[in-house]
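Each remark here refers to the structure printed beneath this line.
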Amino acid sequence: MLRFITTRLVAMVLTLWAVSFVAFAIIQLPPGDYLTTYMATLASNGDRVDPAQIDALRRQYGFGEPYIVQYWKWITGILTRGDFGQSFEWKAPVTTLIWGRLGNSILVEGLAVIVMWTIALPIGIYVAVKKYSLGDYLATIGGFIGLAIPNFLLALLLMYLSFVWFGTTIGGLFSPAYENAHWSIPRLMDFLSRAWAPVLVLATAGTAELIRILRANLLDELKKPYVTTARAKGLPEWKVILKYPVRVALNPLVSTIGWLLPALVSSSVIVSVVLNLPTAGPLLLRSLTSQDMYLAGAIIMLLGVLTVIGTLISDLLLAWIDPRIRYGSK
């Protein structure tokens, strides 16, 4: 098992380096740079563009330097000082801008993941064991509806119903009184009173997908001879199902943990814009459109960190629930 973990940690380091290099390159692929966007904005507003000022800013930010030089300055600043650079648009350190928003993203998307798994596991097991029952048909219909409705449309519907029925808005994660306050029990309760809407929206499609995957995998396992043998030996039905087929059927679901959180972050961009959420998604979208490369690169880099950490967790869980992986890793 130690060798298994060591191999994964080495792969994590190499993967993060590759992600940082490719992400920094992709951000610079569009023609021009931040100053190009900045000049276009000034021109559209009717303001005068001073060429001397633009040249000074270009030298200050190092836009005239080769890509590899810019990347080396950026990555060495991260590794040696924890400095992700300066945001051109916001005129502030990148770390100051992203930590709070990234924390909100992890909190909201983490709750969405917990809700997805809490709902999907029992329903997926039930509909597989009771296939073609009324509950199976209802879960299938609900799953198709959950997959078919776009997240932003469901968010708009919840906002409308909340305002019409209760006279309240569900935008944002905190009320004005707690928006800039330190974490406390009242602030946590205020967060939970508002976070249910984005959590519900983000968890809807994912829950429906997990139910269908678990149902299909578990149906395949229930037909195998070892299940018939376990029943013939007199094991209780709950033990026959939960101890063996369910553990095997969970493999595909556990293996998706690595990309689940980053996928939720990227898919929540539109939902965050609609619900006015202070998360990393809208900030990433804004930085990409304005070619604020240090800000965009830092967010993409941190999403890569979440991905490799999630992949390590999923590998460890797979080794725990599947003896074939655990014994094969020695």
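The first residue of the sequence shown is numbered 1, and numbering continues consecutively from there. Nothing here was measured: the structure is a model prediction, and the numbers come from that model. Scope of the values below: all heavy atoms of this structure, side chains included, with no hydrogens, waters or symmetry mates.
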Using every non-hydrogen atom in the two residues, find where [X] and [Y] come nearest and quote the distance to one decimal.
{"X": "R187", "Y": "H182", "value": "CD-O, 3.2 Å"}
{"X": "G304", "Y": "V19", "value": "CA-CG1, 4.3 Å"}
{"X": "A139", "Y": "V127", "value": "CB-CG1, 3.6 Å"}
{"X": "L147", "Y": "A208", "value": "CG-CB, 3.9 Å"}
{"X": "A298", "Y": "F84", "value": "CB-CD2, 3.6 Å"}
{"X": "L210", "Y": "A120", "value": "CB-CB, 3.6 Å"}

Taking the six-membered ring for Trp and the full ring for Phe, Tyr or His, determine whether the centres of F21 and Y71 are under 6.0 Å apart. yes
Are more than 12 heavy atoms, taken from residues, nucleotides or ligands other than Y226, located less than 6.0 Å from that residue's OH atom? yes
State whether the number of non-hydrogen atoms from other residues, nucleotides or ligands found under 6.0 Å of L79 atom CG is greater than 12. yes
So, does [X] use its side chain to make a donor-acceptor pair with the main chain of [Y] at under 3.5 Å?
{"X": "W196", "Y": "S193", "answer": "yes"}
{"X": "R231", "Y": "V240", "answer": "no"}
{"X": "D292", "Y": "S87", "answer": "no"}
{"X": "T76", "Y": "W72", "answer": "yes"}
{"X": "N217", "Y": "I213", "answer": "yes"}

Which one of L284, V305, V22 satisfies the side-chain contact (heavy atoms from CB on, under 4.5 Å) criterion with I300? L284
From L295, L97, V94, I98, residue fulfilling side-chain contact (heavy atoms from CB on, under 4.5 Å) relative to S287: L295
Do Y244 and E221 have side-chain N/O donor and acceptor atoms under 3.5 Å apart? no
Examine the side chains of N104 and T279 and answer whether a donor and an acceptor come within less than 3.5 Å of each other. no
For the hydrophobic clusters of this structure (ILVMFWY residues joined by side-chain heavy atoms under 4.5 Å, transitively), does one cluster hold both [X] and [Y]?
{"X": "L138", "Y": "L218", "value": "no"}
{"X": "L288", "Y": "V273", "value": "no"}
{"X": "L277", "Y": "V115", "value": "yes"}

Set out, in order, the CA-CA distance, both residues' side-chain angles and the distance that settles side-chain contact (heavy atoms from CB on, under 4.5 Å) for M159 and V274, then state yes or no. CA-CA 9 Å; M159 291 181 67; V274 171; 3.9 Å; yes
Verify side-chain contact (heavy atoms from CB on, under 4.5 Å) between L242 and I125, making sure each step is shown before the conclusion. CA-CA 9 Å; L242 296 180; I125 295 172; 4.1 Å; yes
Begin from the C-alpha positions of L111 and F191 and carry the test side-chain contact (heavy atoms from CB on, under 4.5 Å) through to its verdict. CA-CA 12 Å; L111 288 175; F191 168 78; 3.8 Å; yes
After noting the C-alpha distance and the side-chain angles of L250 and V246, does the key distance pass the side-chain contact (heavy atoms from CB on, under 4.5 Å) rule? CA-CA 6 Å; L250 283 176; V246 169; 4.1 Å; yes
Check D136 with R215, please: is the shortest side-chain N to carboxylate O separation under 4.0 Å? yes
